[in-house]
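Below is one structure; the comments refer to it alone.
Predicted, not measured: the structure shown is a model, and the values here were computed from it.
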Amino acid sequence: MEEKEKKKNKKNSSSNKKQKHQHPNDQNTTKYSSDFSFKPCSDVKGVRFGGQFIVKSFTIRRARPLELLQLLSFPPNSTNINKSSNEVPFPSTVGFLPTNFTILAHHAWHTLTLGLGTKKSKVLLFVFESETMKASVDRLWPTEIPLGEVNKRLIRGLSGSEMARFKFRKGCITFYVYAVRRAGCLGFTCADDLRTILQSVVALKDFLDHTAMLALPNQRSISYATPPPPVAMAH
């Protein structure tokens, strides 16, 4: 009897561990520290589409530095960003955001399919080990690319490199964060930038409407725009 009870306890404890490990919404900030492992670009997971094949034709574009800050909810004069000599924030990071076409296409597809089409957009962030590596990749990567070509051209196309992949679901936005380094390197030089970006994405609230991803309260465009200056009024 005692041996049977011990076996049952072992099974229950192992099943509890499996359930905790397989929890789909586990986005604890300790998760990415334990899963921080680099793999060759040919082995790392890319962007997933499920059964939504039409989404592959939707496009994403390269984000500007201020757009990246706004996306991560960093104010332009944040104390977490180095302010010296007009330095660009996260200089080794490249971000790709949905284009205006993609946003409109999501709405149209969702309407045409009577609510069955996905309204989820994808955001990609690549954090390179150095500004030099990022600059060399900048010359190769397009400024705009269909989602269906991301895995082949952006991820698999980086020969001689390794990546660590992090995925976060935030409502209608799915964030894919890739840390990129040269194959065979040890450690990650821009670990602080990567940690800051991952913590910021984890802290983000769910996006209920992807048109508001980078939009100001009265702005319906995905493009970044500074708020208009105050207008003088006669009393």
Side-chain angles (χ1 to χ4, degrees), residues 29 32-33 35-41 44 46-47 59-99 121-145 150-151 153-168 170 173-204 213-216 222-227:
T29 54
Y32 56 73
S33 61
D35 291 347
F36 193 86
S37 58
F38 284 87
K39 298 178 181 179
C41 293
V44 71
V47 176
T59 53
I60 53 175
R61 63 173 178 82
R62 197 175 302 187
R64 294 181 286 274
L66 289 180
E67 288 178 322
L68 185 59
L69 288 183
Q70 193 172 10
L71 175 67
L72 298 174
S73 292
F74 271 100
N77 296 323
S78 173
T79 56
N80 295 323
I81 304 299
N82 192 345
K83 303 176 184 177
S84 60
S85 65
N86 297 325
E87 184 177 348
V88 176
F90 304 117
S92 66
T93 301
V94 177
F96 285 89
L97 310 174
T99 61
S121 296
K122 302 179 188 299
V123 170
L124 279 74
L125 300 175
F126 294 89
V127 184
F128 295 92
E129 65 176 355
S130 66
E131 296 180 43
T132 305
M133 186 179 185
K134 183 248 183 185
S136 62
V137 173
D138 271 343
R139 293 191 289 268
L140 302 175
W141 280 2
T143 56
E144 187 172 313
I145 184 173
V150 166
N151 294 340
R153 296 183 62 183
L154 301 190
I155 298 175
R156 308 283 182 260
L158 286 180
S159 58
S161 301
E162 298 175 337
M163 289 186 179
R165 174 186 183 267
F166 310 89
K167 181 180 178 180
F168 304 91
K170 293 291 178 177
I173 304 291
T174 301
F175 286 81
Y176 293 85
V177 183
Y178 291 89
V180 190
R181 71 180 185 185
R182 298 293 182 187
C185 291
L186 298 176
F188 192 70
T189 308
C190 292
D192 289 339
D193 283 353
L194 177 61
R195 187 180 301 108
T196 301
I197 289 173
L198 291 176
Q199 289 175 345
S200 301
V201 175
V202 169
L204 288 174
M213 183 175 58
L214 292 176
L216 298 172
I222 196 68
S223 301
Y224 179 81
T226 54

If you take all heavy atoms of [X] and [Y], which pair is closest and at what distance?
X	Y	value
Leu72	Ser200	O-CB, 4.0 Å
Thr93	Lys134	O-CE, 3.7 Å
Pro142	Leu154	CD-CD2, 4.3 Å
Val127	Cys190	CG1-O, 4.4 Å
Phe96	Ile60	CB-CD1, 3.6 Å
Ser37	Ala164	O-CB, 3.4 Å

Gap between atom [atom2] of [Y] and atom [atom1] of [X] - 0.5 Å precision:
X	Y	atom1	atom2	answer
Phe38	Leu186	CZ	CG	10.5 Å
Met133	Arg182	CE	CZ	4.0 Å
Ser136	Phe128	OG	CZ	7.5 Å
Phe175	Lys167	CZ	NZ	13.5 Å
Ile155	Leu124	CD1	CG	6.5 Å
Lys122	Leu97	NZ	CG	14.5 Å

>> Before you tell me yes or no, could you show the steps for Leu194 and Val177 under side-chain contact (heavy atoms from CB on, under 4.5 Å), namely the whole-Å CA-CA distance, both residues' side-chain angles and the distance that decides it to 0.1 Å?
In response: CA-CA 9 Å; Leu194 177 61; Val177 183; 4.1 Å; yes
Do [X] and [Y] make a side-chain contact, defined as non-hydrogen atoms from C-beta onward lying under 4.5 Å apart?
X	Y	value
Leu158	Trp141	yes
Pro91	Asp193	yes
Arg156	Val44	yes
Leu204	Ser73	yes
Val201	Phe166	no
Tyr176	Val150	no
Val137	Val94	no
Ser130	Thr189	no

> Distance only, no hydrogens: is a donor on one side chain within 3.5 Å (strictly under) of an acceptor on the other, for Thr99 and Thr59?
Replying inline: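 Present: a donor and an acceptor within the cut-off.
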>> Using a strict threshold of under 4.0 Å (side-chain N to carboxylate O), is an ion pair present between Glu162 and Arg181?
In response: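 Glu162 and Arg181: salt-bridged.
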>> For a side-chain contact (heavy atoms from CB on, under 4.5 Å) check, start with the C-alpha distance between Leu125 and Phe90, then their side-chain angles and the critical distance, and finish with the verdict.
In response: CA-CA 11 Å; Leu125 300 175; Phe90 304 117; over 6 Å; no
> Should the ring pair Tyr178 and Phe126 be called parallel, tilted or perpendicular, given that the plane angle runs from 0 to 90° and is split at 30 and 60?
Replying inline: parallel
